[in-house]
S.K.: 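Have a look at this one.
All values below were derived from every heavy atom in this structure, side-chain atoms included, with hydrogens, water molecules and symmetry-related copies excluded.
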Amino acid sequence: NTTQSVSTATNTIVALNSEVFDTGGFHDNVTNNSRLTCSTAGKYLLIGGSSMSNATGFGDHQLSILINATTRWSVRV
């Protein structure tokens, strides 16, 4: 729910400082707020949104989710 600056050509961890629905306590808005820790086996649905722009116009942007800080799921936008 806030603006976060990201430098060009730099991987940046996004702070997730708010939540709408978390009945399992998988997320903390303050401590390690870039992480979700799933403590129960199962399948999970993650839904999020992002808006990106820069001073020079549209460019190549990529959003990634890391699993255990290594496995990357990415989408180019």
Side-chain angles (χ1 to χ4, degrees):
N1 69 353
T2 188
T3 300
Q4 183 174 342
S5 295
V6 177
S7 299
T8 300
T10 303
N11 290 328
T12 304
I13 295 172
V14 176
L16 307 171
N17 64 338
S18 66
E19 58 191 35
V20 175
F21 185 76
D22 181 15
T23 59
F26 301 135
H27 178 255
D28 187 311
N29 288 331
V30 179
T31 305
N32 295 323
N33 68 355
S34 64
R35 300 178 187 177
L36 296 175
T37 304
C38 300
S39 56
T40 304
K43 295 181 180 182
Y44 296 88
L45 174 65
L46 304 177
I47 300 172
S50 176
S51 175
M52 293 181 239
S53 64
N54 60 37
T56 60
F58 294 102
D60 185 27
H61 298 93
Q62 179 173 316
L63 297 173
S64 300
I65 295 174
L66 298 180
I67 301 169
N68 296 326
T70 57
T71 304
R72 181 184 301 252
W73 291 356
S74 299
V75 62
R76 289 203 180 275
V77 292

S.K.: Verify the neighbour count for atom CG of Leu66: are there more than 12 heavy atoms of other residues, nucleotides or ligands below 6.0 Å?
M.R.: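 More than 12 within 6.0 Å, yes.
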S.K.: How close do Thr12 and Gln4 get, counting heavy atoms only, and between which atoms?
M.R.: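 Looks like CG2-NE2, 3.7 Å.
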S.K.: Applying ring pair (Phe, Tyr, Trp, His ring centres under 6.0 Å), name anything that partners Phe21, two or more places apart in sequence or on another chain.
M.R.: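 Not a single residue meets the ring pair (Phe, Tyr, Trp, His ring centres under 6.0 Å) criterion with Phe21.
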S.K.: Could you note down all residue pairs passing side chain to side chain donor-acceptor pair (under 3.5 Å) where residues 19-36 supplies at least one of them, sequence neighbours left out?
M.R.: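 Every side chain to side chain donor-acceptor pair (under 3.5 Å) pair that includes a residue of residues 19-36, provided the two are not neighbours, is Glu19-His27, His27-Asn29.
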S.K.: Of the non-hydrogen atoms in Cys38 and Phe26, which two are nearest, and what is the gap between them?
M.R.: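 Taking every non-hydrogen atom into account, CA-CD2, 3.7 Å.
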